[in-house]
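Below, chains carry the letters A, B, ... as their sequence lines are ordered, and counting in each starts from 1.
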Amino acid sequence: MAGEGFYRAMLRRQLALSLRRPVQLFNALLFFALVIVLFPLGLGPSPETLGEFAPGILWIVALLANMLGVETLFRSDFEDGSVDQLLLAPQPLYFSVMPYLLTQWLLAGVLLALVSPLFGLMLGLPVGAMGALAASLLLGSGVMSVLGAIGAALTVGLRRGGMLIALLVTPFYMPVLIFGSGAVQAAVTGVDSSPYLALLAAMLCLAVALGPLAIAAALRISVDS
Amino acid sequence: MYFPGPSFERSETPSIIAAAMWTFFHKLGSPPWLYTISGQILRWLLPAALLALVVGMCWGLLFTAPDFRQGNSYRIIYIHVPAAVVALGGYYIMAIAGAISLIWKMKMADIAMLAAAPVGAALTFIALVTGSIWGKPTWGTWWVWDARITSMLILLFLYLGVMALYEAYDNKVAASRACAVLALVGTVNIPIIYKSVDWWYSLHQPASIKFTGGSTIDPSMLYPLLLCIVAFYALFACALMANMRVTILDRERRTGWVRRLVEES
């Protein structure tokens, strides 16, 4: 298959671009850690209070970190004309945006999911819920990356996109937050969290199947304008 | 007696209907035609809508029995429910217009989409405010984080998102295409958001109007409510057309037919 090399090269390029500045990866984690610190300062240090709110806090902070990270997904490639080249390439744009999404998910979502038990521990989340936390973040960050990329593609041509993308994608993030924090909450109370994880997985499938259609349409509009 | 054969009917009628539909479709794309016809429709639709609203409101507010549990406070249902129903329907009207403008590049469809957004947002806001006023005597609090209230609040944010995106673009042709994409993404997401919020928490009374099976609302209360819903839909259509007429005039202000229109008046 001739196209396979194209996508492999795209993925390698995306990963190389992101890994060239490892500090940026740490910035996302640092942001996550800093906002986590705000909660004990705002709510008080009592482990009971923090433990009670921990599933919600961890998920909301992950959501914010994802939204901030996804904003710049297409920006530099849009400005240097790489996106124009993708539009002209024979490969369908539907598939060409996949390497962007995969890179974003691997370097923001998966990384955050892997270190999230550490932050869960700091907030007094029971050890039994760590698995549900990591699994729900793993699935949920994939959905959020796709939904956020739609917002990023719609606003990439605008100068003042930062606040706007938050306004556009936050409503779409809400079901992910509900099921994600629901999974952690279920694990904390000792209920089976797999229905929530199954729903998140279903949303991930739907997002991966339909999201690139909207991203491709939005990128075409942004390039035309 | 002579009966035309079925083959005759099948071959003739559809082509006539198809031709008429295509003519209608092409006419829809013409600003002067749409401007004239919407003026004629508004001339009778607006009085009819207002009449239906007045009759429905008087019927509901004055001539129905008070609810045995909620007393007279339930009567706000005649504003709250129609506003909420049309606010949700309005999002789909906006998204369908957006889809038509994306697929067939029809200018009038994207004017309709942009005209629907503020009207829908206003209705969502009315539904939220009346719901809050209704909540005070019923639940004893102005605001409850219940599934339907939260969903309506999210719907308001979806409408505001479309309007904010349109304002952010300088190129208005690209702006309306971007809004159409966003409205379509919203259409896929609304059922997911509604279902998830529904599962998240439910304190609201279960839906009381069901078209299939038994309805828990008394018919004497239901009929004025249905009339009010029809009236709200008609008013939505009027506001949509009035909004579209202003936008058409604004976009076509340099053309001959608008100049002639101004000279005549």
query: Any idea which of A/Leu206, A/Leu168, A/Ile150 has the most non-hydrogen atom pairs under 4.5 angstrom with chain B?
result: A/Leu168

statement: Here the pair of heavy atoms bringing A/Leu164 nearest to B/Ala164 is CD1-CB, 3.7 Å

message: Taking side chain as everything from C-beta outward and backbone as N, CA, C, O, which of these in B/Val188 sits under 4.5 Å from a heavy atom of chain A? Side chain, backbone, both or neither.
response: side chain

field: Part of A/Leu154 within contact of chain B (heavy atom distance under 4.5 Å)
entry: both

statement: All heavy atoms of B/Ile154 vs all of A/Pro171, minimum pair found to be CG2-CB, 3.9 Å

- prompt: Just wondering, are more than 12 heavy atoms of other shown residues or ligands nearer than 6.0 Å to CZ in B/Phe125?
  reply: no

field: More than 12 heavy atoms from other groups under 6.0 Å of CZ on A/Phe95
entry: no

field: Heavy-atom neighbours of B/Arg254 CZ exceed 12 at 6.0 Å
entry: no

- prompt: Under a 4.5 Å heavy-atom cutoff, which of B/Ile190, B/Val162, B/Leu165 has the most pairs with chain A?
  reply: B/Leu165

- prompt: Quick one: does A/Leu210's side chain get under 4.5 Å of B/Val185's, heavy atoms only?
  reply: no

- prompt: Going by heavy atoms in the side chains, are A/Phe172 and B/Ile192 under 4.5 Å from each other?
  reply: no

field: Partner chain A: residue of B/Leu158, B/Thr150, B/Leu184 with the largest heavy-atom pair count (under 4.5 Å)
entry: B/Leu158

field: Engaged part of A/Leu213 at the chain B interface, taking heavy atoms whose separation is under 4.5 Å
entry: neither

- request: Flag yes if more than 12 heavy atoms outside B/Tyr91 fall under 6.0 Å of its OH atom; otherwise flag no.
  value: yes

- prompt: Can you name the nearest heavy-atom pair linking A/Ala214 to B/Val181, along with the distance?
  reply: O-CG1, 4.0 Å

task: Calculate, to the nearest 0.5 Å, the distance between atoms CG and CZ belonging to A/Leu167 and B/Phe157 respectively.
output: 8.5 Å

statement: Sorted by chain and number, sequence neighbours left out, salt bridge (charged side-chain N to carboxylate O under 4.0 Å, His left out) with A/Asp224 holds for B/Arg177

